[in-house]
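In listed order, ligands and their atoms are each counted from 1.
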Amino acid sequence: KSATIPNVDGSVNRIEDDDEDDVVDLAANSLLNKLIRQSLVESSHRVEVLQKDPSSPLYSVKTFEELRLKEELLKGIYAMGFNRPSKIQEMALPMMLAHPPQNLIAQSQSGTGKTAAFVLAMLSRVNALKLFPQCLCLAPTYELALQTGRVVERMGKFCVDVQVMYAIRGNQIPRGTDVTKQIVIGTPGTVLDWCFKRKLIDLTKIRVFVLDEADVMIDTQGFADQSIRIQRALPSECQMLLFSATFEDSVWQFAERIIPDPNVIKLRKEELTLNNIRQYYVLCGNRKDKYQALCNIYGGITIGQAIIFCQTRRNAKWLTVEMMQDGHQVSLLSGELTVDQRASIIQRFRDGKEKVLITTNVCARGIDVKQVTIVVNFDLPVNQAEEPDYETYLHRIGRTGRFGKKGLAFNMIEVDKLPLLMKIQDHFNSSIKQLDPEDMDEIE
Ligand code: ADP
């Protein structure tokens, strides 16, 4: 399994060596995002477009009607509750549905409508009367493939003869049977196997090829090369589409290798800021002190819902038990849970079933609970070198400038960690005030 370890905790909070650190797993994060996403992510940025042929006119659409879709497809879109195209869809859909087909590389953060866009493209190009695979979508994991398949099923609800098949490990096709489903979604290894070894898919008949989550894909050993082998066998008139939430150089290099003559669409990510957040710190001696300070804050101000971040699973568990014993409604979100379990904890918290969510770094990104106005750093985020982890601090506490609400952040700091906090303050050039937990008047 490939994963990056962003913040291995320092020694101070580590009680025993078996205290496992939570690692960030890109595919799991992406799945979590999909499971908890309820609506489009807003953006105040303009969509940037780079056309393959800059002299051709650039179309954008404000309504789905303008796309002249099949009746049953339009019905499917409205049944999903979509009223108008998202920001990225306004530009991407006319290109994706153009005749002759155009290739596209599109990048925008998760939740901006990429999946819905390519599902629409696949459904609009598929011929329901032809019983063989015509659209092929590569995804990094089994679970992500299933999520995309669900969107195909929902959007294609009225396209009754169109069906989806999953090319994923464990999906056994008996010898001698043909794949008659028009849309195949799968992971690169299994798709490769189905195409070349088992000859279940004739790549020369594919009309739309989608490579989803390119950034997650290249993070997995072998997937980039397998995807390229599949792409090489596609006919030249096949439409090729690639999507990614992020766009580092490595993703870009891969995208350019696999998508010939592409149009490129990018939507910049909304920046997080600390501008609307009042930040405080409380000096504490040890863990018990920190807890006491937390209780004082709780007693001192009216708190709706709060998220508390700990650096290790062990600390998070300890704090959860302490708070529960004191009668608080608390839930614990940490890395040993499955993605489904995490999603359901976040959902319960969103629904207000618990007032406090205690979590570790693994969950710093991905939780976006709008009603939360209080964030507590029970431990400061630090990296392996025991330096402040600025990015994680920003992700825990920051809000997007235009859409974010005002908030409060409390840092529980052991005296010897104060220099780290000062570095954070300097880094962001924003003030973090000391708070006397016995005197909460300062805040309200
Ligand atoms: P991405 O692939 O960029 O993560 P999705 O296509 O999954 O984004 O869309 C994110 C969420 O927004 C999903 O819940 C999806 O159903 C919804 N959505 C997508 N397009 C629209 C639209 N045009 N109008 C309303 N909701 C949309």
**OP:** Hey, can you tell me if Phe118 and Phe243 have their rings parallel, tilted or perpendicular (30° and 60° cut-offs)?
**Re:** tilted
**OP:** Answer yes or no: does atom CZ of Arg125 have more than 12 heavy-atom neighbours from other residues, nucleotides or ligands under 6.0 Å?
**Re:** yes
Subject >> Glu71 atom CD, neighbour heavy-atom count above 12 within 6.0 Å >> reply: no
Original post:
Would you call Glu143 and Lys34 a salt bridge, taking side-chain N to carboxylate O under 4.0 Å as the test?
Top reply: no
**OP:** Select all protein residues for which some heavy-atom-to-ligand 1 distance is less than 4.0 Å, and list them by chain and number.
**Re:** Arg37, Ser39, Leu40, Phe64, Phe82, Arg84, Pro85, Ser86, Gln89, Gln109, Ser110, Gly111, Thr112, Gly113, Lys114, Thr115, Ala116
Subject >> Check: Ser110/Arg37 side-chain N/O donor and acceptor closer than 3.5 Å >> reply: yes
Original post:
Short question: side chain of Thr190, backbone of Thr187 - any donor-acceptor pair under 3.5 Å?
Top reply: no
